[in-house]
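Reviewing the structure listed below.
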Amino acid sequence: MPTKTTLEIFIRHQRQSRPGSGDYLQLIVDMAEAGKRVAAQVNQAALTGALGSSGQINVHGESVQKLDEAANETFVGMMERGGLLAGMASEEMENAYSVTAEGSGPYLLVFDPVDGSSNIDVNVSIGTIFSIYRRTEKGGRVCESEFMQRGWEQLCAGYITYGSSTMLVYTAGDGVHGFTLDTYSGDFILTHENIRMPAAGEIYSANEANRERWSAPVRDYIDHLRRGGAGRKYTGRYIGSLVADFHRNLLKGGVFLYPADSSAPQGKLRLLYEAGPLAFIAEQAGGKASTGDERILDLKPETLHQRVPLIIGSAEDVDLAERFQSTGGRRAATPEAAVI
Ligand code: AHM
Ligand code: MG
């Protein structure tokens, strides 16, 4: 049997092979530890009474699930102990959180503790998304403005998916690597080294119930894929958990869209906690992420909970979506599109 490489060993090698790369890679190991705790909470939720709504409404006006709260508390509680973080921002917290009054470390963590909350109660894959930035001030309490950094300033980003197995996938700007939780040993084991996203896919993922509210270029783009205009036969796959939809498309190729629509002019997904980290991972794997007009990683957030339209996936699929957007629809988008 081949020797198994645990996440800790892999990260140690990464740090040795990139001297001066910083101690922030330790934060991925810390996130993995906290993620194991959350994976157990997810697995046990039906048995411990942790399914369902907490009765609270969050800053986005959405119903908070008990697991959203529990996972948020787990990540905050475990991540503030390590001495590396000065502050955190979470999809489930209205304001930025300062680790201590003085700030105890040089890094910032942003995260969505449970992404895909609507799938918690029905035993469908959900996940955690996270990202690490360097703080911009020397000390003291963190303030919201420190989190207003462009996506390309991320030091690392990752997600943990709680699915048929629990996996952690991360990038620190040196490729994308995936680890599967061995529930017998309790270790995350390297199972997917240097993941590359296929240049083009045959899957599109979007909530087509929103179709009537999409812009014409988005509707035309999806129609184009459905009709085989891109030269491939597409199938639709939509779980409703971004992490799970993204993870599948990362491995198999394809495109995920949550565009703006007439009732959500900025789309639904959050720039800091969802679009930004996954954009970093997508690009590191050879894919792309765009609003339709702009590269996600170039956007500078103006508020913590800012939403953004998201088109993410295989490079050719995202390029094509941008062409539809820039030309306003199918007629001018591509030569093939003109004849359908
Ligand atoms: P959440 O963070 O509150 O769970 O919301 C984000 C989720 C994504 O995981 C998913 O892609 C999207 O919302 C699904 O939204 P919809 O139900 O509108 O299709
Ligand atoms: Mg989310």
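First listed ligand is number 1; within each ligand, the first listed atom is number 1. Throughout, residue positions are numbered sequentially from 1 according to the sequence presented.
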Distance-only N or O hit between ligand 1 and [X], under 3.5 Å:
X: Asn210; answer: no
X: Ser241; answer: no
X: Leu269; answer: no
X: Ser118; answer: no

Numbering the atoms of ligand 1 from 1, which are under 4.0 Å from a heavy atom of [X]?
X: Gly116; answer: 1 (P), 4 (O), 9 (O)
X: Asp112; answer: 2 (O)
X: Glu274; answer: 2 (O), 6 (C)
X: Glu62; answer: 3 (O)
X: Arg270; answer: 1 (P), 2 (O), 3 (O), 5 (O), 6 (C)
X: Glu91; answer: 1 (P), 2 (O), 3 (O)
X: Leu242; answer: 8 (C), 9 (O), 10 (C), 11 (O)

- request: Could you check whether the rings of Phe256 and Tyr238 sit parallel, tilted or perpendicular, using 30° and 60° as the cut-offs?
  value: parallel

message: Tell me whether the rings of Tyr159 and His247 are parallel (<30°), tilted (30 to 60°) or perpendicular (>60°).
response: perpendicular

From Tyr221, Tyr204, Tyr234, residue fulfilling side chain to side chain donor-acceptor pair (under 3.5 Å) relative to Asp317: Tyr234

- prompt: Out of Phe256, Tyr238, Tyr258, Phe246, whose heavy atom sits nearest atom 18 (O) of ligand 1?
  reply: Tyr258

Closer than 4.0 angstrom, basic N to acidic O: yes or no for [X] and [Y]?
X: Glu283; Y: Arg295; answer: yes
X: Arg135; Y: Glu146; answer: yes
X: Arg270; Y: Asp115; answer: no
X: Lys66; Y: Glu69; answer: no

task: Taking the six-membered ring for Trp and the full ring for Phe, Tyr or His, determine whether the centres of Phe179 and Phe10 are under 6.0 Å apart.
output: yes

message: Heavy atoms only, cut-off 4.0 Å: how does Asn207 contact ligand 1, side chain, backbone, both, or neither?
response: side chain

message: Using a 3.5 Å distance criterion without hydrogens, assess whether the side chain of Thr291 forms a donor-acceptor pair with backbone atoms of Asp293.
response: yes

